[in-house]
Number of protein chains: 2
Amino acid sequence: MLSQSISTSAPGGRKVAPAPAATTDHFDVLTGHAGLVASEFIYRKDEEIYGEDETAEYVYQVVRGAVRTYKLLSDGRRQIGAFHLAGDVFGLETGMKHRLAAEAILDTTVRLVNRRSLEQAAHSDVRVARDLWSITSGELRHAENHMLLLGRKTAMERVATFLLEMDRRLARAGMIALPMCRRDIGDYLGLTLETVSRSLSELQAKGVLGLSSARQILLRDRHQLAVLNC
Amino acid sequence: MLSQSISTSAPGGRKVAPAPAATTDHFDVLTGHAGLVASEFIYRKDEEIYGEDETAEYVYQVVRGAVRTYKLLSDGRRQIGAFHLAGDVFGLETGMKHRLAAEAILDTTVRLVNRRSLEQAAHSDVRVARDLWSITSGELRHAENHMLLLGRKTAMERVATFLLEMDRRLARAGMIALPMCRRDIGDYLGLTLETVSRSLSELQAKGVLGLSSARQILLRDRHQLAVLNC
DNA sequence: ACTCCGCCTTGATCGAGCTCAAACGGCTGC
DNA sequence: GCAGCCGTTTGAGCTCGATCAAGGCGGAGT
């Protein structure tokens, strides 16, 4: 089945969304400058956006939805490197290939721009070049923090750090509406889904958070989480 | 005691090395272009080069020796993010501050260049801008691979990956001469020094490697290591 | 040559998180 | 309204790597 309601042209065999087949409007977060052609696509839940080691033709920005990027070991063990939420850029590379695979966590709209035209813009506009570097640098900062988490934090500390990150990135009206399942969280934190579930239950029992449903979280005591976060 | 044999001027209160107080020669790996003033410094074993959250005034390149960059938790748990060996650039940031601390693993000579002058060069020369981005992107690639290691690999797999990385980066005449102690390796791999030691002993017992001394390693069966590395 | 000290190895035990298993709950489609 | 299913929770037992402990080894300094 197709990812989009109307199919027109397609990069990499995928189908183009109807309305803004080509716009000169934004990709603001990416470039801060116009002159680039951006298209919108919709990926369905669990659909692959690109694979590991696939040639990197496009750079992406999440419009609506959420994306996970990950690496796999040959036996199926998975490490999610990052979750990308509305506004986030992903898939930006300096080399030829994507170093992680990317999948939609739920039905997700992305804006994408040709990677070569972006590099061309960077060639003529130093501000674009600086923006590209800044995006990669931001990803590196996240990865460095995450290495500390994966290498040295306890399960409870990992979950606390995760909750504070999600609170910062997607809290609306004090509530966190998680787009991802427990397995995704586990594969992000280097834990099993059972350990994630147990940690959340323990935090709920202690009154640190409230779970109105499994994916609707209310943080009641951010200070306590921050202590766990070290 | 001072880090250098002769002291002259000093950035950040440190003492300048005698010979090349200012050269227009290289920092080749960094810029690929001249016009930048680079100084050389010597740091002694275990000396701090910069601290976490310290203002980033300089970008560094290892000339001789080795450097570890790391983050600490409040209780002293440490995660080493990377080892930087001869030729490697480190300390490059887009933000104001260093996100990891840096220490010399042993007596180490570094070349350093003012961060602002480097950014200025990037402003006028798009190739410099591209190089800076590439360096950060290379660090990100390493961090992404390391997240997979820290989140999902077993102790033996981590040690195997480490050995292959060091073989690639510093093998001379088929031998690996490790500059770092077992604790450093453990803090890099998210293990204890005892587990690192046990893993190496086991690999030696299996004939995969030979230890002429604790830090002199001969890889006898790279294929077996590659299998463990997945 | 000897001693000291830091680094490394090895052994014994412990425990945090994993694995295996079962039951629960909420959503979807009939 | 009901059945089935997927995601989640909870329980029980196990295992890998951590912790605690004791020696060994080799290089630096006297």
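Note on naming: letters A, B, ... go to the chains in the order of the sequence lines (proteins, then strands), and numbering restarts at 1 for each one.
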Sugar-phosphate only, base, or nothing, as touched by B:R158 at under 4.0 Å among non-hydrogen atoms: nothing
Sugar-phosphate only, base, or nothing, as touched by B:G190 at under 4.0 Å among non-hydrogen atoms: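 Sugar-phosphate: the residue B:G190, judged by heavy atoms under 4.0 Å, touches backbone atoms but no base.
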Enclosure of B:R141 CZ (heavy-atom neighbours >12, cutoff 6.0 Å):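 Counting other residues, nucleotides and ligands, CZ of B:R141 stays at 12 neighbours or fewer.
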Heavy atoms of other groups near A:R77 CZ, more than 12 under 6.0 Å: yes
Atom-pair distance (CD1 on B:I217; C1' on C:dC8), nearest Å: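 In whole Å, C:dC8 C1' lies 12 Å from B:I217 CD1.
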Atom-to-atom span, CZ of A:R152 to C1' of C:dA16 - whole angstrom: 15 Å
Estimated bend of the helix from C:dA1-D:dT30 to C:dC30-D:dG1 (axis per five terminal pairs, rounded to 10 degrees): 40°
Test item: side-chain donor near acceptor, A:S137 and B:R99, under 3.5 Å: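 Note: A:S137 and B:R99 side chains meet the donor-acceptor criterion.
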Between A:E103 and A:Y70: side-chain donor-acceptor atoms closer than 3.5 Å: yes
Most 5' of B:R198 and A:E194 on DNA chain D, judged by nearest nucleotide: A:E194
Outermost nucleotides of DNA chain D that come under 4.0 Å of a non-hydrogen atom of chain B: D:dG17 to D:dC20
Residues which pass side-chain contact (heavy atoms from CB on, under 4.5 Å) with A:R64, listed by chain and number, not counting sequence neighbours: A:T109
